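Some notes on the structure that comes next.
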Amino acid sequence: MKGAGAIDVAGLRKVFRHTGGGEAVVAIERLDFTIRQGDMVAIVGQTGCGKSTFLNILIGLERPTEGRVAIGGRTPYGDFDHFRGTLAAVFQQDRLLPWRTALDNVRLPLELLGRAPDEQARRARAWLDRLGLARFERAYPHELSGGMRQRVALARAFVIEPALLLADEAFGHLDEVTSAALRTTFIDLARTEGHTAILVTHQLEEAIDMGGRILVFGRPGALLADIDLHSWPRTSVAGLRGDIQRMLQSNAPLKEPPA
Amino acid sequence: MRPEEAIGSETVEAREARAPFRFPREMVVGLLALAVAWEIVSWFVPPFIVPGWGRIFKSLLGLPLDFVLVTLARVVGALVVSFVLGLGLAVAMYASTPVERYARPLVRLLMAVPVVCWILFAVLWFKWVEFRIAFVLVVVCAPVFLVDALDAMKGVSKDLRDMLRSFRPTRVQLFTKLVLPATVPAILTSWKINLSLAIRVVTIAELVGAVTGIGYGLVVAQELFSVSEVFAWTLILVVILFLAEAVLTRVEERILRWRA
């Protein structure tokens, strides 16, 4: 039996058609791969490679044009409500509700799940505390720095203990130090909590830091390489970086895989 | 350049609305200057054109001040009804696209009809004076509540909507946790707009058939050629409007303290 966080992507294709006619845009040409329960996966690719579209399909906000994506055997767009409480996403911007305090933002998903108010408060506080924000639970988002806001967003994702955790360019807009710190937090938490985690990024460092698998997306939406960091024949990070960069630049798989 | 001038496109009013309370010195000085100029003019012009402050205040004391309460009750009552109607219809139009498509042109039609026409219709259609006044106020104010609330609901950021949807809310949850709170600032703004609109419209509506209220007081004053009474009523109306706006601004500050 498949775990709740195992993902099957088969013959996935996504084309956007403008409502008023005009040219159709192919966001994803074709994707086929599987992700096992508990995998730590980074998806890298340049702008326009369909990685955000892929994530939106995975969240259930978009439907594929062809093919399917299944999480634990069910499609997130078809069986939308089945994924209540099992899936959480961290987005490019923090997307906090500006009229809610940090604590109330973290409580939000628990409210939606109908948890008892004292349980909501207890769990939300525990997560704010883990992310070093205990003193700021009553602060409104506009009173927090960009890094702190993104920490609140992380707490909001982790608080429901999702089987599948998704992050879409979640740290790229912050300064380098903050971004690296948040990335480490995210990876550590995802690993200790045992979630399947998918991090979409255009930064190779982030992808390598994830330490699991790297899916290299070419344009538009095709898999150039599925790299398992434990079995890829390169021993140096620089070599790995070079391989990925070559693929992204040529928008093609490596002609001769590294020996 | 002073630092606060660097803020750019923001108006002085917008900035002051969010600032903590401070004594409005410029406003007081400006109004006092106007009052003094008024008094000086009244020395040279006959009192039936520009009555002096002495006369105006004397008239003020003689006015039936319960008319003020009557007018205020009409305004508040009509605004509450307009708000409930406007918000209710906005929710219905937000929930259903066909409802919106049918209702929007009708709302636009309502908004295009001049107030004077509504007053005439009210006189022609209804006998009961209170109902006439309420009808005119509601038909003028409800569409403002409706359109402002609906536009705000439809303008809720797609990013926030997607974020919330990723957690699989019910339709009701999506509305109560996101759409409604996001609409609160627009609702408060439309209360401000409608309050001043209603205070101006109610007096005209009261001209027709009412035997109480500030509008009626104005008619009586005009029939008696008592210019100082007309000015006294006007003063009361302006003060009410200023006070109401000040109260709403404070309420807004409290409710919207989450804004940067």
Side-chain angles (χ1 to χ4, degrees), chain A residues 52-53 55-62 76-77 79-102 104-115 120 138-144 149 152-153 156-157 159-160 162 164-168 170, chain B residues 7-8 10 14-15 17-20 87 97-98 100-101 148-149 151-191 248-260:
Chain A
S52 286
T53 304
L55 214 68
N56 278 340
I57 294 174
L58 211 50
I59 295 172
L61 298 173
E62 298 274 358
Y77 38 88
D79 285 328
F80 192 80
D81 288 331
H82 173 76
F83 291 89
R84 270 195 144 208
T86 62
L87 184 157
V90 187
F91 300 90
Q92 204 162 1
Q93 260 78 38
D94 51 76
R95 300 195 187 180
L96 299 179
L97 299 181
W99 53 85
R100 282 177 173 244
T101 60
D104 287 344
N105 264 291
V106 179
R107 284 169 75 131
L108 174 72
L110 297 172
E111 281 174 37
L112 298 178
L113 289 173
R115 297 279 186 270
Q120 292 169 18
R138 295 169 71 113
Y140 286 100
H142 81 266
E143 296 166 325
L144 300 171
R149 284 203 296 270
V152 177
R156 180 180 63 191
V159 77
I160 58 168
L164 177 60
L165 194 59
L166 308 166
D168 184 9
Chain B
I7 293 171
E10 210 182 21
R15 222 180 307 149
R18 286 191 283 105
L87 192 66
T97 314
E100 195 204 340
R101 290 214 177 113
D148 285 6
D151 286 348
M153 286 176 195
K154 303 202 97 168
V156 172
S157 126
K158 185 176 180 299
D159 279 359
L160 290 184
R161 190 185 296 270
D162 281 354
M163 178 279 292
L164 207 80
R165 288 196 65 218
S166 74
F167 290 115
R168 272 65 185 167
T170 62
R171 252 169 89 91
V172 172
Q173 282 176 332
L174 187 69
F175 188 76
T176 56
K177 307 282 179 192
L178 176 67
V179 178
L180 203 55
T183 312
V184 167
I187 288 175
L188 287 172
T189 305
S190 59
W191 265 97
L248 265 183
T249 304
R250 295 294 128 180
V251 170
E252 195 174 30
E253 262 165 36
R254 271 204 73 81
I255 296 180
L256 302 184
R257 64 187 184 281
W258 51 267
R259 282 214 285 211

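Everything numeric here is computed off the predicted structure, so don't read it as measured data. A note on names: the letters A, B, ... follow the listed sequences, proteins ahead of strands, and every chain is numbered from 1.
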- [ ] Under 4.5 Å heavy-atom distance to chain A, tell me which part of B/L256 shows up: side chain, backbone, both or neither.
- [x] neither
Open item on the list: Given heavy-atom pairs under 4.5 angstrom as the criterion, report whether the side chain, backbone, both or neither of B/T170 touches chain A.
Closed with: both
TODO: Can you tell which part of A/P141 gets under 4.5 Å to a heavy atom of chain B, answering side chain, backbone, both or neither?
DONE: neither
Task: Interatomic distance, B/M163 atom CE to A/I59 atom CD1 [nearest 0.5 angstrom] - done: 11.5 Å
Task: Residue among A/L108, A/I160, A/L166 with most heavy-atom pairs under 4.5 Å to chain B - done: A/L108
Open item on the list: On a heavy-atom basis, which atom in A/L112 and which in B/Q173 lie closest, and how many Å separate them?
Closed with: O-NE2, 3.0 Å
Task: Distance (rounded to the nearest 0.5 Å) between B/L160 CG and A/F91 CZ - done: 10.0 Å
Open item on the list: Could you measure the distance from the NZ atom of B/K177 to the CZ atom of A/R100? Nearest 0.5 Å is fine.
Closed with: 5.5 Å
- [ ] Under 4.5 Å heavy-atom distance to chain B, tell me which part of A/Q92 shows up: side chain, backbone, both or neither.
- [x] neither
Task: Closest approach of A/L87 to B/F167 (non-hydrogen atoms, all atoms of both residues) - done: O-CD2, 4.3 Å
Open item on the list: Please check this pair: side chain of B/R168 against backbone of A/F80, looking for a donor-acceptor N/O pair closer than 3.5 Å.
Closed with: yes
TODO: Would you mind checking which part of A/L96 comes under 4.5 Å of any heavy atom in chain B, side chain (CB onward), backbone (N, CA, C, O), both or neither?
DONE: backbone
Task: Interface residue of largest heavy-atom contact number with chain B, from A/P98, A/A89, A/P109, under 4.5 Å - done: A/P98
Task: From CG (A/L58) to OG (B/S166), nearest 0.5 Å - done: 11.5 Å
Task: Least distance between heavy atoms, B/R257 atom then A/Y140 atom - done: NH2-OH, 3.7 Å
Task: CZ-CZ distance between A/R95 and B/R161, expressed to the nearest 0.5 angstrom - done: 12.5 Å
